Amino acid sequence: MNTEIDYSDFNVLRMGSLDIGDYFIWAGELYQRTDQCWIQEKNAKGDLEQEWIYKNVIKADSGKHFYFFEEEKIVPVQAQIKVKQ
């Protein structure tokens, strides 16, 4: 599998300047802006519980959601991700 990422337009902005779906570099890692989402987690009994968690970015390489707040500095980029078999 190959990944090709084109980093461009290195202006430091705040999260409020980005639209849902935009990619950005935060702390040296590539993320994508998402809307707030429901996260299902297992409780101690192993049952799934649905909980509203304000996780609004997803890490591009792992698919894990993270908290992100507008005061954090980011570098917006254009990313073209291709998956090849």
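Everything numeric here is computed off the predicted structure, so don't read it as measured data.
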_Residues forming a salt bridge (Lys or Arg N to Asp or Glu O under 4.0 Å) with K59, sequence neighbours excluded_ = E29
*Are side-chain heavy atoms of P76 and L18 found at a separation under 4.5 Å?*
yes
*Kindly compute the distance separating CZ (F68) from NZ (K55), expressed to the nearest 0.5 Å.*
15.0 Å
_Beyond-backbone contact of L30 with V77, side-chain heavy atoms, under 4.5 angstrom_ = yes
*asked:* Using 0.5 Å steps for rounding, measure from the OH atom of Y23 to the CD atom of Q80.
replied: 10.5 Å
*From T34 atom OG1 to I20 atom CD1, the distance as rounded to the nearest 0.5 Å*: 7.5 Å
*Drop me the distance from K73's NZ to I25's CD1, to the nearest 0.5 angstrom.*
16.0 Å
*Residues in side-chain hydrogen bond (donor to acceptor under 3.5 Å, both in side chains) contact with E72, at least two apart in sequence or another chain*: W26
*asked:* Side chains of H65 and V57, heavy atoms from C-beta outward: is any pair under 4.5 Å?
replied: no
*Would you say the side chain of Y31 lies within less than 4.5 Å of the side chain of I58, judging by non-hydrogen atoms?*
no
*Taking Q32 for its side chain and G21 for its backbone only, find out whether a donor-acceptor pair lies under 3.5 Å.*
yes
